[in-house]
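Shown next, in structure tokens, is the structure this report addresses.
The chains referred to below are lettered A, B, ... by the order of the sequence lines, with proteins before strands, and numbering in each begins at 1.
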2 protein chains.
Amino acid sequence: MEKKVKLLLAEDDENLGLLLKEYLIAKGYETDLYPDGEAAYKGFTKNQPYNLCILDIMMPKKDGISLAKDIRQLNMDIPIIFLTAKNMKEDVLEGFKIGADDYITKPFSMEELIFRIEAIMRRVSQDANSHEDAIYKLGIYTFDSRKQILSGGEEEVKLTTKEAELLSLLCNNANKVLERNFALRTIWIDDNYFNARSMDVYITKLRKHLKDDPKVEIINVHGKGYKLIV
Amino acid sequence: MEKKVKLLLAEDDENLGLLLKEYLIAKGYETDLYPDGEAAYKGFTKNQPYNLCILDIMMPKKDGISLAKDIRQLNMDIPIIFLTAKNMKEDVLEGFKIGADDYITKPFSMEELIFRIEAIMRRVSQDANSHEDAIYKLGIYTFDSRKQILSGGEEEVKLTTKEAELLSLLCNNANKVLERNFALRTIWIDDNYFNARSMDVYITKLRKHLKDDPKVEIINVHGKGYKLIV
DNA sequence: ATGAACACTTAACAATATTTAACATTGGAA
DNA sequence: TTCCAATGTTAAATATTGTTAAGTGTTCAT
């Protein structure tokens with residue numbers, strides 16, 4: 001569900017910028033820092049794709065508002081958080097017109113920034129994932145990932161959340177190798193030993209659910225991961 | 001013709017205050033911002049009538065609590081929302097004694113604040129103008145969130161406040177995961193154990209209300225929250 | 001004031017989901 | 001082959017959620 005989140009950070013105050021970058025990285029966000037609006041724009045085009053932009057409004061070369069407009073030209077949907085240092089009524093109004101997702105005023109606490117980032121990422125990641133909501137045909141089975149239901153022949157099984165998430169990943173990578181660590185990071189977030197064993201347990205469960213059609217099979221690729229054969 | 005909802009906003013942090021004001025205006029609420037308790041009190045007497053007050057607790061000249069007391073002297077019924085830092089539960093309890101309707105802890109998302117305002121306006125006046133679609137179609141059911149009425153087929157059920165608030169949130173996030181903590185923060189304010197159990201009870205109630213249409217379903221996403229399937 | 005009606009919370013217990021543990025099996029490198 | 005790490009499988013332990021009912025407070029008409 002959660003891939004690595006990549007942030008674009010545009011902040012001209014070098015001290016604050018580096019501090020933020022360091023903190024965000026420590027919190028698990030891949031973060032690129034740019035010292036002004038132009039650099040940020042270039043960085044945005046070159047180092048795509050970013051998941052979220054954090055833009056200071058007061059910046060040299062190109063201010064945050066117009067930077068946001070330019071970014072939105074390239075990507076309608078990318079969430080933007082503005083950092084505002086001053087009493088900037090008109091700019092703020094302007095900002096709402098271009099669809100900023102949230103604002104945060106200096107001085108702010110790191111906790112607050114993280115909170116907002118998480119809130120926004122939750123929203124958009126769910127929007128994005130709703131595209132993955134799909135219906136898969138697996139031999140005699142039909143898997144509705146949105147409802148988490150696996151129907152085959154006459155029976156209809158309600159899968160648990162973890163079962164459904166894992167089967168979704170397998171379906172997305174049907175006939176290709178689904179890497180263990182990728183699956184662990186997306187579903188379990190952490191790829192430690194215990195979660196890995198937990199995943200093994202769920203592979204067993206899925207195999208039982210799919211046992212009625214010999215054409216459908218989850219095979220192990222030793223040391224790499226699993227492959228769903230259809 | 002809907003009448004405009006008029007808000008009094010008392011917040012000494014100028015940046016936060018202006019941002020909130022602009023955001024609320026963008027959301028269709030007429031909003032006056034005052035930088036301290038005394039100014040807010042004067043503004044309240046001069047620019048009547050307000051429909052709702054949003055008061056920061058920590059303010060110079062006159063803090064939010066005593067401001068609220070004074071405002072209540074003039075108007076017994078006006079709804080008040082306090083803005084408070086996390087570690088100020090005693091003050092908040094004090095606040096409830098004088099009849100605060102709600103409080104919200106910083107940091108909060110704009111989304112949460114809007115939901116609170118709407119919830120209160122719903123409670124206070126049935127014809128409050130809400131920028132949101134107040135009517136949802138759920139399979140055979142129709143849910144009017146303003147009137148808190150769920151009608152399906154021939155039956156018509158009057159939902160309780162909590163039922164309606166929870167169903168509203170679910171509808172806003174239809175086919176996506178509504179996170180437990182988000183729902184708890186927005187509806188129950190605190191996301192402690194007991195409130196979480198209370199929410200589970202309400203999920204059961206909603207499921208019963210929606211049981212006549214198998215196409216409509218509230219499924220649990222283990223460890224994350226609930227998803228309304230339509 | 002009194003109490004019935006209602007909304008909400010808390011408690012108690014049931015049912016599921018997930019993780020951890022334990023032991024069996026397999027695959028591949030030394 | 002031999003041995004170790006990776007995987008398979010089952011069951012116990014733990015955590016989360018489902019459900020019902022009792023408890024608590026509020027409202028409102030009498």
Side-chain angles (χ1 to χ4, degrees), chain A residues 1 147-150 157-170 177-184 186-211 217-228, chain B residues 76-77 93 96-97 99 101-102 119-120 122-124 147-150 157-168 170 177-181 183-184 186-211 217-228:
Chain A
M1 205 78 63
K147 294 184 175 178
Q148 308 189 354
I149 286 175
L150 180 69
V157 188
K158 296 194 69 170
L159 299 186
T160 72
T161 304
K162 282 277 189 298
E163 286 170 349
E165 287 176 334
L166 185 53
L167 186 51
S168 290
L169 271 192
L170 284 164
V177 178
L178 170 66
E179 303 231 359
R180 288 187 78 85
N181 284 346
F182 177 76
L184 282 167
T186 41
I187 297 176
W188 278 266
I189 315 292
D190 253 330
D191 58 350
N192 61 40
Y193 171 79
F194 294 110
N195 286 337
R197 295 325 320 276
S198 199
M199 176 169 150
D200 291 337
V201 172
Y202 277 94
I203 290 291
T204 297
K205 290 177 196 254
L206 287 181
R207 280 175 176 150
K208 279 184 185 162
H209 283 134
L210 296 170
K211 69 177 176 332
E217 209 179 353
I218 299 172
I219 66 170
N220 173 253
V221 181
H222 197 90
K224 299 251 167 44
Y226 295 93
K227 186 149 67 164
L228 174 68
Chain B
M76 282 277 294
D77 303 318
L93 282 178
F96 276 112
K97 282 185 193 146
D101 291 271
D102 213 339
I120 286 179
R122 261 199 307 269
R123 232 174 282 155
V124 171
K147 295 182 178 170
Q148 304 186 180
I149 286 175
L150 180 69
V157 188
K158 174 103 165 80
L159 298 185
T160 71
T161 305
K162 283 276 190 301
E163 285 171 347
E165 288 178 341
L166 185 52
L167 187 51
S168 291
L170 284 165
V177 179
L178 170 65
E179 301 229 358
R180 289 187 82 86
N181 283 351
L184 284 167
T186 53
I187 297 177
W188 276 267
I189 306 181
D190 256 326
D191 58 350
N192 61 40
Y193 171 80
F194 293 110
N195 286 337
R197 302 310 299 164
S198 199
M199 175 169 151
D200 290 336
V201 172
Y202 276 92
I203 290 290
T204 297
K205 290 176 196 249
L206 287 181
R207 280 176 176 151
K208 278 184 186 162
H209 283 134
L210 296 170
K211 70 176 178 331
E217 207 181 353
I218 299 172
I219 68 172
N220 172 253
V221 180
H222 197 96
K224 300 214 177 69
Y226 293 93
K227 187 153 67 164
L228 174 68

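- C:dT18 atom P lies 6 Å from atom NZ of A:K162, rounded to whole Å.
- Although no hydrogens or angles enter the test, the distance criterion places a donor-acceptor pair under 3.5 Å between the side chain of A:N220 and the main chain of A:G225.
- Under the 4.5 Å side-chain criterion, counting only non-hydrogen atoms from C-beta, B:Y202 is not in contact with B:M199.
- When each of B:D200, B:V221, B:V177 is paired with B:Y226, the side chain to side chain contact (heavy atoms under 4.5 Å, CB included) condition holds for B:D200 and for no other.
- Protein atom CG of B:L159 is 15 Å distant from nucleotide atom P of C:dC6, rounded to whole Å.
- A donor-acceptor pair is defined here as one N or O able to donate and one able to accept, closer than 3.5 Å; no such pair exists between the side chain of A:D191 and the backbone of A:N181.
- Under the 4.5 Å side-chain criterion, counting only non-hydrogen atoms from C-beta, A:F182 is in contact with A:L169.
- B:E217 has its CD atom 17 Å from the P atom of D:dT17, to the nearest Å.
- Remark: A:W188 is not in phosphate contact with C:dT18, judged by side-chain N or O atoms under 4.0 Å from OP1 or OP2.
- Side-chain contact check for A:L166 versus A:I203: some heavy-atom pair is nearer than 4.5 Å.
- Side chain of B:N192 to backbone of B:F194: a donor-acceptor contact under 3.5 angstrom is found.
- Going from atom CE of A:M199 over to atom C1' of C:dT20 covers 17 Å, rounded to whole Å.
- The distance from atom CD1 of A:I187 to atom C1' of C:dT19 is 15 Å, rounded to the nearest whole Å.
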Are any protein N/O atoms closer than 3.5 Å to N/O atoms in nucleotides 7-10 of chain D? If there are, list each pair with its distance.
from   : atom 1 : to     : atom 2 : distance (Å)
D:dT7  : OP1    : A:G223 : N      : 3.1
D:dT7  : OP2    : A:R180 : NE     : 3.3
D:dT7  : OP2    : A:R180 : NH1    : 3.2
D:dG8  : OP1    : A:R207 : NH1    : 2.9
D:dG8  : OP1    : A:R207 : NH2    : 2.9
D:dG8  : OP2    : A:Y226 : OH     : 2.6
D:dG8  : N7     : A:R197 : NH2    : 3.0
D:dG8  : O6     : A:R197 : NH1    : 3.3
D:dG8  : O6     : A:R197 : NH2    : 3.1
D:dT10 : OP2    : A:K208 : NZ     : 3.1

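- B:T161 has no side-chain polar atom (N or O) that falls below the 4.0 Å cut-off from OP1 or OP2 of C:dA7.
- Comparing B:K205 and A:T160, the nucleotide of DNA chain C nearest to each residue sits closer to the 5' end for B:K205.
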Between the protein and nucleotides 1-3 of chain D, list the N/O to N/O atom pairs that are separated by less than 3.5 angstrom.
none

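- Across all strands shown, B:S198 has heavy atoms under 4.0 Å from base atoms, whether or not it also approaches the sugar-phosphate.
- Nucleotide C:dT9 holds its P atom 12 Å from the CD atom of B:E163, rounded to whole Å.
- In this structure, CD in A:E179 is found 11.5 Å from OG1 in A:T186, a value given to the nearest 0.5 Å.
- Under the 3.5 Å distance criterion, the side-chain polar atoms of B:Q148 are matched with a main-chain donor or acceptor of B:L159.
- Atom CD of B:E165 and atom P of C:dA7 are 14 Å apart (whole Å).
- As rounded to whole Å, 12 Å separates atom C1' of C:dT10 from atom OH of B:Y202.
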